[in-house]
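Have a look at the structure below before the remarks.
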Amino acid sequence: MNFLDRVEVLILTWNEEANLARTLDALRSFPRILIVDSGSTDGTLAIAASHSNVRVETRAFDTHANQWNHALSACGGTSEWVLALDADYVLPQAVVSEIQALAPAASTGGFWARFRYCVEGHPLSASLYPPVMILYRRAGASYFQDGHTQRITTTGEAKTLTGEVMHDDRKSLAAWLAAQDRYAKLECELLLGTPWERLGWRDRLRRMGFVTPWLVPLYCLTVGRGLLDGKPGLYYALQRGIAETILSLRLLQAQMRTTLSGAKSQ
């Protein structure tokens, strides 16, 4: 049996016309794709409708974790395995072939994927984008919200795919900036709501506010080899610096408001 017949692809969308066609074109070998859309107003749904292996469900967005859990349990999917992708994850043919050839043991619960980050289609030498578990058994899987992102819990042994998935977001700079502010708000709430002693060293640096806006882009350009990538590498380093700066501003604003509120109550 072709392993792809045991898989349903899940994708969340909201105004993803800049990315979705490339992502779906790379998934033509998969017989079942479910898109859970949050009310797109651009060409996202028309792109989805042009692919015969895609069906669409609509759900008003509240959190990413709830959206994924809805896709897993409330949309009629019965496949044993799930391939969960963001709308800007593009699978190279080598990764599709690798998944197609899988014969996982009963003890295997999921597969992590490493990523090659792209800027306007240009693959970077390195990035800060972490591995993500994208392929897993449906049974026992669930998501929980962790700051601006969502994390999955699964049962069984986790392995890692050999090939790299392309992260290739081509939405506008304005859309990217708006997204970073939404993410920073959630991340700010998590950082300030977590006791200092429970934070890892990276999050401690972020909560200090003044360190990561300059340290992260410097790291991207040097250790991350961004200088070797020319303008795309510089663009990525500046993106990461801006994202950290937005978070630092959110943290500083929240701290000042707390101080001011405390002073007024005295």
Exercise. Does the side chain of V9 come within less than 4.5 Å of L34's, by heavy atoms?
Worked result: no
Problem set entry | Derivation and outcome, side-chain contact (heavy atoms from CB on, under 4.5 Å), residues W68 and F144 | CA-CA 9 Å; W68 283 114; F144 65 95; over 6 Å; no
For this session: List the atom of P92, the atom of M166, and the distance in Å for their closest heavy-atom pair.
Result: CG-CG, 3.8 Å
For this session: May I ask you to decide if D146's main-chain N or O and T149's side chain share a donor-acceptor pair within less than 3.5 Å?
Result: no
Exercise. Once you round to the nearest 0.5 Å, how far does CD of Q255 lie from CG of L251?
Worked result: 6.0 Å
Exercise. Is there a side-chain contact between Q239 and W176, using heavy atoms and a 4.5 Å cut-off?
Worked result: yes
For this session: Determine which pairs satisfy ring pair (Phe, Tyr, Trp, His ring centres under 6.0 Å) with at least one residue from residues 223-256, sequence neighbours left out, and list them in order.
Result: Y117-Y236
For this session: Decide yes or no for L27 and I33: does some side-chain heavy atom of the first lie under 4.5 Å from some side-chain heavy atom of the second?
Result: yes
For this session: Could you go through the side-chain contact (heavy atoms from CB on, under 4.5 Å) check for L91 and L85 one step at a time?
Result: CA-CA 9 Å; L91 268 59; L85 303 176; 3.9 Å; yes
Seminar exercise, completed: One should read off an interatomic distance between H70 NE2 and D62 CG, to the nearest 0.5 angstrom, of 10.0 Å
Problem set entry | Polar side-chain atom of D229 near backbone of S125 as donor-acceptor pair, under 3.5 Å | yes
Problem set entry | Audit row: V36, L10, side-chain contact (heavy atoms from CB on, under 4.5 Å) steps and yes/no | CA-CA 8 Å; V36 177; L10 301 184; 6.0 Å; no
Exercise. Short question: side chain of T44, backbone of E16 - any donor-acceptor pair under 3.5 Å?
Worked result: yes
Problem set entry | Test item: R170 side-chain N/O and E120 main-chain N/O as donor-acceptor pair under 3.5 Å | no
For this session: For salt bridge (charged side-chain N to carboxylate O under 4.0 Å, His left out), just list the numbers for E164 and R114, CA-CA rounded to whole Å, side-chain angles, deciding distance to a tenth of an Å, and then say yes or no.
Result: CA-CA 5 Å; E164 292 180 321; R114 292 182 290 263; 5.1 Å; no
For this session: Using atom types as modelled and distance alone, determine if a side-chain donor or acceptor of S97 lies under 3.5 Å from a backbone N or O of Q93.
Result: yes
Exercise. So, D37 versus T13: side-chain donor-acceptor pair below 3.5 Å or not?
Worked result: yes
Problem set entry | Interatomic distance, S52 atom OG to R28 atom CZ [nearest 0.5 angstrom] | 8.0 Å
Seminar exercise, completed: Minimal heavy-atom distance between R116 and P123, with the atoms involved, is CG-CB, 3.7 Å
For this session: Would you please name every residue forming a side chain to side chain contact (heavy atoms under 4.5 Å, CB included) with H148, sequence neighbours left out?
Result: Y183, L186, E187
For this session: Apply side-chain contact (heavy atoms from CB on, under 4.5 Å) to Q100 and S29, showing your working.
Result: CA-CA 9 Å; Q100 185 172 15; S29 299; 5.6 Å; no
Problem set entry | Any side-chain donor near an acceptor of the partner, Q67 and S38, under 3.5 Å | yes
For this session: Using only heavy-atom distances, determine whether the side chains of N19 and D169 contain a donor-acceptor pair under 3.5 Å.
Result: yes
Problem set entry | For the student: nearest non-hydrogen atoms of L192 and A254, plus distance | CD1-CB, 3.5 Å
Exercise. What pairs with W201 under side chain to side chain contact (heavy atoms under 4.5 Å, CB included), at least two apart in sequence or on another chain?
Worked result: L205
Exercise. Has the side chain of R204 got a donor or acceptor atom that lies under 3.5 Å from a matching backbone atom of W196?
Worked result: yes
Problem set entry | L199 backbone acceptor or donor facing D203 side chain under 3.5 Å | no
Exercise. Does E17 offer a backbone N or O that forms a donor-acceptor pair with the side chain of D42 under 3.5 Å?
Worked result: yes
For this session: Decide whether V216 and V223 are clustered together by the hydrophobic rule: side chain heavy atoms of Ile, Leu, Val, Met, Phe, Trp, Tyr closer than 4.5 Å, transitively.
Result: yes
For this session: Spell out, yes or no, whether L124 and L128 are grouped together once hydrophobic residues are joined by side-chain heavy atoms under 4.5 Å, including indirect joins.
Result: yes
Exercise. Would you say the side chain of I11 lies within less than 4.5 Å of the side chain of L24, judging by non-hydrogen atoms?
Worked result: yes
Seminar exercise, completed: Here the pair of heavy atoms bringing T23 nearest to A87 is OG1-O, 2.6 Å
For this session: Determine whether R206 and L247 make a side-chain contact, defined as any pair of heavy atoms from C-beta on separated by less than 4.5 Å.
Result: yes
Seminar exercise, completed: Across all chains, not counting sequence neighbours, the side chain to side chain contact (heavy atoms under 4.5 Å, CB included) partners of S172 are A174, A175
Problem set entry | For the student: nearest non-hydrogen atoms of V165 and A113, plus distance | CG2-CB, 4.0 Å
Seminar exercise, completed: CD1 (I246) and CD (Q180) are apart, to the nearest 0.5 Å, by 6.0 Å
Seminar exercise, completed: Rounded to the nearest 0.5 angstrom, the CD-CG distance for Q145 and N66 is 7.5 Å
Problem set entry | R250/E189 ion pair, N-O < 4.0 Å | no
Problem set entry | Validation row: L135, I99 side chains within 4.5 angstrom (heavy atoms) | yes
Exercise. Any donor-acceptor pair under 3.5 Å linking the side chain of R32 with the backbone of D5?
Worked result: yes
Exercise. Any side-chain heavy atom of T259 within less than 4.5 Å of one from R257?
Worked result: no
Exercise. Can you name the nearest heavy-atom pair linking G39 to T58, along with the distance?
Worked result: N-CG2, 4.4 Å
Exercise. Using a distance-only test with no angle check, is there a side-chain donor-acceptor pair under 3.5 angstrom linking H167 and D86?
Worked result: no
For this session: Indicate, with yes or no, if F115 and F111 share a hydrophobic cluster defined by side-chain heavy-atom contacts under 4.5 Å among Ile, Leu, Val, Met, Phe, Trp and Tyr.
Result: yes
Problem set entry | Co-membership, hydrophobic cluster, residues V119 and V90, 4.5 Å side-chain | no
Exercise. Should we say atom NZ of K171 is surrounded by more than 12 heavy atoms from elsewhere, each under 6.0 Å from it?
Worked result: yes
Exercise. What pairs meet the side-chain hydrogen bond (donor to acceptor under 3.5 Å, both in side chains) rule with one or both residues in residues 126-140, with sequence neighbours excluded?
Worked result: E8-R138, S79-R138, E80-R137, Y89-Y129, Y136-Y143
Exercise. Of all residues at least two apart in sequence or in a different chain, which pass the side chain to side chain contact (heavy atoms under 4.5 Å, CB included) check with P130?
Worked result: none
Seminar exercise, completed: Value for CG (L177) from CD1 (I242), rounded to nearest 0.5 Å, stands at 6.5 Å
Exercise. Hey, any chance L12 and V82 share a hydrophobic cluster, counting ILVMFWY side chains that come within less than 4.5 Å of each other, even indirectly?
Worked result: yes
Exercise. So do Q150 and T63 actually touch side chain to side chain, heavy atoms under 4.5 Å?
Worked result: no
